[in-house]
Amino acid sequence: MTSPKKLFIKTYGCQMNVYDSERMAEAMGGQGYVETKTPEDADMILLNTCHIREKAAEKVYSELGRFKHLKVENPDLKIGVAGCVAQAEGQEIMRRQPLVDLVVGPQSYHRLPELEAKARTGKKALDTDFPEEDKFERLKSRPKAQRGPTAFLTVQEGCDKFCAFCVVPYTRGAEVSRPVQRVVDEAKDLVDRGVREVTLLGQNVNAYHGEGPDGTDWSLARLIWELNKIDGLKRIRFTTSHPNDMNDDLIAAHSECEKLMPYLHLPVQSGSDRILKRMNRSHTAESYLRLIEKIRAARPDILMSGDFIVGFPEETEADFQATLDLVEAVRYGYAYSFKYSTRPGTPAAERAQVDAAEADDRLQRLQAMITRHQREIQEDMVGRTVNVLFEKPGRLPGQMVGKSEYLHAVHVDDCDAQKGDLRAVRIQASASNSLSGRLVG
Ligand code: SAH
Ligand code: SF4
Ligand code: F3S
């Protein structure tokens with residue numbers, strides 16, 4: 001019997017790439033590959049890449065350079081680039097780095113086995129089409145391996161919003177939703193394999209409008225209510241949402257749907273209307289704040305999370321102050337802030353850039369405020385009882401780690417809960433990035 005070939009996948013970028021990497025590993029499983037955690041013993045290396053900021057894209061080339069000696073040691077090693085850099089740069093990647101045998105875009109990775117076979121014949125293989133066929137369906141035949149308690153499930157891809165700074169509409173293409181039944185079937189299959197919590201993914205997940213069993217388009221809220229019926233599934237989350245697609249039925253689901261968790265990632269990017277307009281966000285700071293009021297009226301304990309860009313072209317100190325004001329008003333449990341990065345081909349790339357040192361300074365000030373809120377919100381959890389879905393053993397003997405409904409990591413010592421159990425925990429302390437407590441009852 002020949003030993004299986006080994007596949008090393010490294011994933012950059014967002015959760016959709018994490019999901020895609022799992023699917024690519026499964027597709028290659030059908031070709032006799034098993035996953036390895038080290039590139040050194042791999043027969044194939046796949047980088048699943050991100051193009052969102054300049055640094056993310058540059059990382060790919062420095063990483064590829066580090067594989068040079070591996071190819072000298074093992075001439076049969078094949079190197080592939082997948083994901084959003086693959087989509088954005090295509091053939092250019094092979095020109096810049098001749099080590100690369102295969103380039104596959106995010107919409108065509110179901111063709112990976114064919115591309116790998118082509119690369120094995122010594123030819124370069126490239127596919128960055130946006131094909132008509134459903135990549136998810138093509139990848140259905142997969143091994144029924146047991147899974148951990150949490151899983152991502154992509155329900156929507158692509159974006160039609162064209163924010164002036166963002167490459168996603170170009171790398172992931174137009175908005176597409178998967179049909180309801182396919183999502184439900186996949187969720188049931190995940191539950192059969194041990195999953196207790198699914199996070200529904202999409203670049204604009206709340207714009208979901210998949211075809212329902214009745215032939216009409218279903219909203220994300222309706223999909224969530226359908227998933228809520230699945231026995232054995234205990235928690236539902238979704239990410240990332242756009243403020244303009246936050247409909248009343250979805251807000252109502254946050255108050256009424258028992259399995260939908262009280263956590264919402266709702267990026268706003270800036271608190272200045274002038275900048276929001278230039279970003280082509282088509283909402284204002286005021287409309288965003290009103291929306292959050294409405295969401296909190298429906299679910300008062302909801303934990304908000306967001307994304308911010310500082311140093312967007314033409315951003316003044318006054319614009320930045322407006323962002324700080326908005327953050328102060330919302331108080332995010334988590335927030336991710338980035339320095340604006342010029343992306344070739346996007347409208348904002350042509351405009352007057354903010355001084356880099358100034359942008360760094362703003363980023364630091366914003367992050368300090370966000371960290372303070374984050375810490376205060378965590379500390380407010382002390383003394384409260386939360387529900388924890390246990391995911392894995394902690395570093396200390398007898399310790400288990402899981403996530404609360406608010407997505408805080410929670411450590412419990414002397415814990416008799418098993419992986420996948422949902423248990424009440426009384427919070428006793430807050431550390432910088434996690435909480436700790438004791439099982440109740
Ligand atoms: N679809 C999601 C996420 C898009 S990418 C949304 O609309 O919110 C994730 C985050 O990266 C964005 O929310 C934004 O804050 C950041 N981002 C995107 N393009 C960027 C750029 N050119 N420079 C810096 N940050 C960027
Ligand atoms: Fe990018 Fe804007 Fe689309 Fe989000 S909504 S993926 S930031 S273009
Ligand atoms: Fe990056 Fe592509 Fe996701 S650019 S953030 S991997 S959609």
Side-chain angles (χ1 to χ4, degrees), residues 10-21 24 47-60 81-89 105-107 109 128 152 154 156-176 201-208 238-246 264-271 275-276 278-283 288 304-313 315 323 327 332 334-351 353-354 356 359-360 362-363 366-367 370:
K10 185 157 179 178
T11 308
Y12 303 84
C14 62
Q15 289 128 329
M16 305 200 64
N17 265 10
V18 176
Y19 177 86
D20 288 351
S21 289
M24 288 193 281
L47 299 185
N48 195 11
T49 61
C50 175
H51 201 244
I52 202 82
R53 286 169 287 274
E54 194 180 353
K55 269 203 191 116
E58 280 308 313
K59 249 189 226 156
V60 177
V81 177
C84 292
V85 176
Q87 190 63 46
E89 299 191 0
Q107 304 311 330
Y109 63 62
T128 52
F152 294 134
T154 296
Q156 180 276 338
E157 270 206 89
C159 182
D160 298 337
K161 299 267 190 308
F162 291 91
C163 298
F165 49 82
C166 184
V167 294
V168 170
Y170 312 98
T171 63
R172 293 275 172 166
E175 234 176 60
V176 183
L201 298 181
Q203 269 92 16
N204 262 292
V205 74
N206 59 343
Y208 177 85
F238 60 88
T239 197
T240 294
S241 300
H242 192 286
N244 293 3
D245 294 313
M246 203 65 215
L264 181 63
H265 185 61
L266 195 64
V268 64
Q269 314 298 351
S270 168
I275 294 297
L276 285 170
R278 283 169 164 71
M279 284 178 164
N280 192 31
R281 288 290 295 184
S282 57
H283 57 74
Y288 179 82
M304 294 302 306
S305 136
D307 290 343
F308 292 89
I309 295 178
V310 301
F312 185 78
E315 183 189 70
T323 298
V327 172
Y332 293 90
Y334 294 92
Y336 307 86
S337 44
F338 311 98
K339 197 163 78 157
Y340 170 71
S341 171
T342 309
R343 308 310 292 131
T346 59
E350 314 292 322
R351 305 185 194 154
Q353 307 293 311
V354 168
D360 278 328
R362 288 178 194 167
L363 186 64
L366 177 59
Q367 287 182 341
I370 289 168

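Note that the coordinates shown come from a computational prediction; the quantities given were computed from them, not determined experimentally. Position 1 is the first residue of the sequence; numbering continues from there. In listed order, ligands and their atoms are each counted from 1.
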State if [X] counts as touching ligand 1 under the rule of any non-hydrogen atom under 4.0 Å.
{"X": "Ile309", "value": "yes"}
{"X": "Ile52", "value": "yes"}
{"X": "Lys339", "value": "yes"}
{"X": "His242", "value": "no"}

Specify whether an N/O/S atom of Cys14 falls short of 2.8 Å from atom 3 (Fe) of ligand 3.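 True for Cys14.
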What protein heavy atom lies closest to [atom]? Include the residue and the distance to one decimal.
{"atom": "atom 4 (S) of ligand 3", "result": "His51 N, 3.2 Å"}
{"atom": "atom 1 (N) of ligand 1", "result": "Gln203 O, 2.6 Å"}
{"atom": "atom 8 (S) of ligand 2", "result": "Cys163 N, 3.2 Å"}
{"atom": "atom 21 (C) of ligand 1", "result": "Ser341 O, 3.6 Å"}
{"atom": "atom 14 (C) of ligand 1", "result": "Gln269 OE1, 3.4 Å"}
{"atom": "atom 8 (O) of ligand 1", "result": "Pro267 CG, 3.2 Å"}
{"atom": "atom 1 (Fe) of ligand 3", "result": "Cys50 SG, 2.4 Å"}
{"atom": "atom 17 (N) of ligand 1", "result": "Arg53 NH1, 3.5 Å"}
{"atom": "atom 19 (N) of ligand 1", "result": "Phe165 CD1, 3.3 Å"}
{"atom": "atom 7 (O) of ligand 1", "result": "Arg281 NH1, 4.0 Å"}

I want to confirm something. Looking only at heavy atoms, which of Met16, Gln203, Gln87 is nearest to atom 7 (S) of ligand 3?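 Residue with the shortest heavy-atom distance to the ligand atom: Gln203.
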As a check for students: among Asp245, Val310, Thr240, identify the option with a heavy atom nearest to atom 6 (C) of ligand 1.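 It is Thr240 whose heavy atom sits nearest to atom 6 (C) of ligand 1.
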For [X], atoms of ligand 2 separated by under 4.0 Å from a heavy atom:
{"X": "Cys166", "value": "1 (Fe), 6 (S), 7 (S), 8 (S)"}
{"X": "Asn204", "value": "3 (Fe), 5 (S)"}
{"X": "His242", "value": "5 (S)"}

Using the rule given for side chain to side chain donor-acceptor pair (under 3.5 Å), can you reason through Glu54 versus Ser341, listing the C-alpha separation, both sets of side-chain angles and the distance that settles it, and then say yes or no? CA-CA 6 Å; Glu54 194 180 353; Ser341 171; 4.6 Å; no
Out of curiosity, [X] [atom1] to [Y] [atom2], how far, rounded to the nearest 0.5 Å?
{"X": "Lys59", "Y": "Cys50", "atom1": "NZ", "atom2": "SG", "result": "8.5 Å"}
{"X": "Met246", "Y": "Leu264", "atom1": "CE", "atom2": "CG", "result": "4.5 Å"}
{"X": "Cys163", "Y": "His242", "atom1": "SG", "atom2": "NE2", "result": "5.0 Å"}
{"X": "Tyr336", "Y": "Thr240", "atom1": "OH", "atom2": "OG1", "result": "9.5 Å"}
{"X": "Ser337", "Y": "Asp307", "atom1": "OG", "atom2": "CG", "result": "9.0 Å"}
{"X": "Phe312", "Y": "Gln269", "atom1": "CZ", "atom2": "CD", "result": "10.0 Å"}

Between Asp20 and Tyr109, is the side chain to side chain contact (heavy atoms under 4.5 Å, CB included) condition met? List the steps. CA-CA 8 Å; Asp20 288 351; Tyr109 63 62; 2.7 Å; yes
Working for side chain to side chain contact (heavy atoms under 4.5 Å, CB included), residues Met16 and Glu157: CA-CA 9 Å; Met16 305 200 64; Glu157 270 206 89; 3.4 Å; yes
Identify whether NZ of Lys or CZ of Arg in Arg53 sits under 6.0 Å from the centre of the six-membered ring of Phe338 and within 45° of that ring's axis.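 Positive - Arg53 is close enough to the ring of Phe338 and near enough to its axis.
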For ligand 2, indicate whether the residue [X] contacts it via side chain, backbone, both or neither (heavy-atom separation under 4.0 Å).
{"X": "Pro169", "value": "side chain"}
{"X": "Cys159", "value": "side chain"}
{"X": "Phe165", "value": "side chain"}

Indicate whether the side chain of Gln15 and that of Thr239 have a donor and an acceptor atom separated by less than 3.5 Å.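 Gln15 vs Thr239: no donor-acceptor pair found between side chains.
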Which atoms of ligand 3 are found less than 4.0 Å from any heavy atom of Cys84?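 This gives 2 (Fe), 4 (S), 6 (S), 7 (S) as the contact atoms.
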Suppose I only count heavy atoms of Asn17 and a 4.0 Å limit; which atoms of ligand 3 are within that range?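 Every atom of ligand 3 under 4.0 Å from some heavy atom of Asn17: 6 (S).
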State the atoms of ligand 1, each with its element, that fall below the 4.0 Å cut-off from a heavy-atom position in Tyr340.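 Under 4.0 Å from Tyr340, ligand 1 has these atoms: 23 (N), 24 (C).
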Protein heavy atom under 4.0 angstrom of atom 4 (Fe) of ligand 2, is there one?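 So far as the 4.0 Å threshold goes, atom 4 (Fe) of ligand 2 is out of reach of every protein heavy atom.
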Within a reach of under 6.0 Å around NZ of Lys161, are more than 12 heavy atoms found that belong to other residues, nucleotides or ligands?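 Check passes, neighbour count above 12.
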So, Tyr334 side chain and His265 main chain: donor-acceptor pair closer than 3.5 Å or not?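 No: the side chain of Tyr334 does not pair with the backbone of His265.
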Tell me if a side-chain donor or acceptor on Asn17 pairs with a main-chain N or O of Tyr12 at a distance below 3.5 Å.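 Between the backbone of Tyr12 and the side chain of Asn17 there is a qualifying donor-acceptor contact (under 3.5 Å).
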Should Asp307 be counted as touching ligand 1, given the test is an N or O pair under 3.5 Å?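 Yes, since at least one N or O of Asp307 sits under 3.5 Å from an N or O of ligand 1.
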Full working for side chain to side chain contact (heavy atoms under 4.5 Å, CB included) between Ile309 and Met279: CA-CA 10 Å; Ile309 295 178; Met279 284 178 164; 4.1 Å; yes
Stepwise side chain to side chain contact (heavy atoms under 4.5 Å, CB included) test for His51 and Arg343: CA-CA 9 Å; His51 201 244; Arg343 308 310 292 131; 3.4 Å; yes
